[in-house]
Amino acid sequence: MGSPDDHADEALALHNRRAGSFGARAAAYAEHRPDYPAAAIGWALARVADRRPPVVLDLGAGTGKLTRGLLAVGASVIAVEPDTHMLAELIRRFPDVPAHTGTAEAIPLPDDSVDAIIAGQAFHWFDLDRAYPEFLRVLRPGGVLAALWNTADDSVKWVAGLKEVDRSSVSAAQPPSGQIVLPTHPLFDEHEFERSTFPHRHRRTAESLTATIGTQSHTLVIPPEERAELLDRIMDYLRAQPETAEGEFDLPIVTSVLRTTLRAAD
């Protein structure tokens, strides 16, 4: 039986493995992950919407799933992503977007350079003790921090069943769809976070939804034999449900958003 420190070290090592697991599947990530609804992006940026255009840092930008939506609402986007494979895929898809290798803990931008920092499906990977001062450094007065997450809507019966099937040996308990839980951190006590949720959907087939789940970190870090068994189990489940057995269907999604103003306006 290991000590509490041993367990903490193991949990941190797994966290880091999962955080760094996406690059090898960058093309699949770009092809199969869902985007974000325009209403959610608009709400996240509402407090800086009067800036023409708002300069937005897409932090942990991955392959650009959020980048496309930010451009669509008229933002001037700067992408920062630590994984070179993911960043290369983003640059291939959005060659006109300034893109940098970097992290939330060492943002490669000048002081007071952006109106908003927004993270799609990435905020939970950040080391907040190091990242939070960087947020404050690069944000202009009145600057906004926002985070978005897409989760399958488990209020739908077949989706709830899928979540039971879709569990690997490293899966952690997740809050119900649409319920955001901030990490415990004293810096969050200094700022009021607002929360909202938005309905979304992702057009899928049994095969493409299985491929989507295959880009999630809990399926990427497990042994190949377990991964193959897990994806086969998911495919069998989807083929057995009347809603998903044949052809295309909509995966119902809840897009959850947190936002706060980190720097007071002048």
Side-chain angles (χ1 to χ4, degrees), residues 12-13 15-30 33 35-36 41 44-45 48 51 53-71 73 75-150 182-183 185 187-188 191 215-217 220-221 257-263:
L12 178 60
H15 174 89
N16 291 337
R17 280 175 57 213
R18 291 181 68 164
S21 66
F22 302 107
R25 304 271 177 171
Y29 192 105
R33 283 293 186 108
D35 60 6
Y36 298 89
I41 295 171
L45 297 178
V48 294
R51 306 184 187 190
V55 178
V56 179
L57 168 57
D58 185 355
L59 186 57
T63 63
K65 303 305 292 191
L66 179 58
T67 305
R68 184 183 301 277
L70 291 169
L71 293 171
V73 300
S76 175
V77 182
I78 303 169
V80 169
E81 164 59 37
D83 189 284
T84 56
H85 299 288
M86 300 284 274
L87 190 63
E89 190 69 27
L90 183 149
I91 292 169
R92 186 178 72 81
R93 291 169 179 264
F94 304 100
D96 295 330
V97 171
H100 307 277
T101 302
T103 67
E105 299 79 17
I107 298 171
L109 297 179
D111 296 357
D112 301 324
S113 56
V114 300
D115 299 305
I117 300 169
I118 187 164
Q121 223 76 17
F123 192 80
H124 50 290
W125 301 123
F126 301 159
D127 178 346
L128 296 174
D129 285 318
R130 296 163 57 208
Y132 217 92
E134 285 289 272
F135 299 161
L136 295 172
R137 180 182 67 80
V138 302
L139 279 172
R140 293 170 179 159
V144 166
L145 171 69
L148 288 78
W149 288 270
N150 283 325
L182 274 171
H185 198 281
L187 288 169
F188 288 129
H191 303 283
T215 68
Q216 295 172 358
S217 64
L220 293 174
V221 299
V257 189
L258 288 175
R259 72 177 183 192
T260 188
T261 302
L262 284 192
R263 295 197 60 188

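Separation of atoms CD1 (I91) and CE (M86) is listed at 12.5 Å; rounding is to 0.5 Å. Taking CG of D58 as the reference point, atom NZ of K65 lies at 12.5 Å (rounded to 0.5 Å). Interatomic distance, CG of L90 versus CG of L66, reported as 10.0 Å (0.5 Å rounding). Between W149 atom CH2 and L258 atom CG the span is 4.5 Å, to the nearest 0.5 Å. Atom OG1 in T103 sits 9.0 Å away from atom CG in D127 (nearest 0.5 Å). Within the model, atoms CG of L139 and CG of D115 stand 8.5 Å from one another, a figure rounded to the nearest 0.5 Å.
V55 approaches S113 most closely through the heavy-atom pair CG1-O, 3.8 Å. G142 and V48 get closest at one heavy-atom pair: O-CG1, 3.9 Å. Taking both residues in full, the closest heavy atoms of V97 and V77 are given as CG1-O, 3.6 Å, listed atom of the first, atom of the second, then distance. The nearest pair of heavy atoms linking I41 to L70 is CG2-CD2, 3.7 Å. For the residue pair G60 and A122, the shortest heavy atom distance occurs at O-CB, 3.8 Å. Listed here is the closest heavy atom pair of P82 and T101: O-CG2, 3.9 Å.
R93 contributes no side-chain N or O that, together with a main-chain N or O of R68, makes up a donor-acceptor pair within less than 3.5 Å. Looking at N150, its side chain does come within 3.5 Å of a backbone N or O of D35 through a donor-acceptor pair. Not a single donor-acceptor pair under 3.5 Å links the side chain of E89 to the backbone N or O of T63.
At least one side-chain heavy atom of F123 sits under 4.5 Å from a side-chain heavy atom of L145. In this structure the side chain of F126 reaches within 4.5 angstrom of the side chain of L59, judged on heavy atoms. The closest side-chain heavy-atom distance from H100 to L109 is below 4.5 Å.
Under the 30°/60° scheme for interplanar angles, the aromatic rings of F135 and Y132 are found to be tilted.
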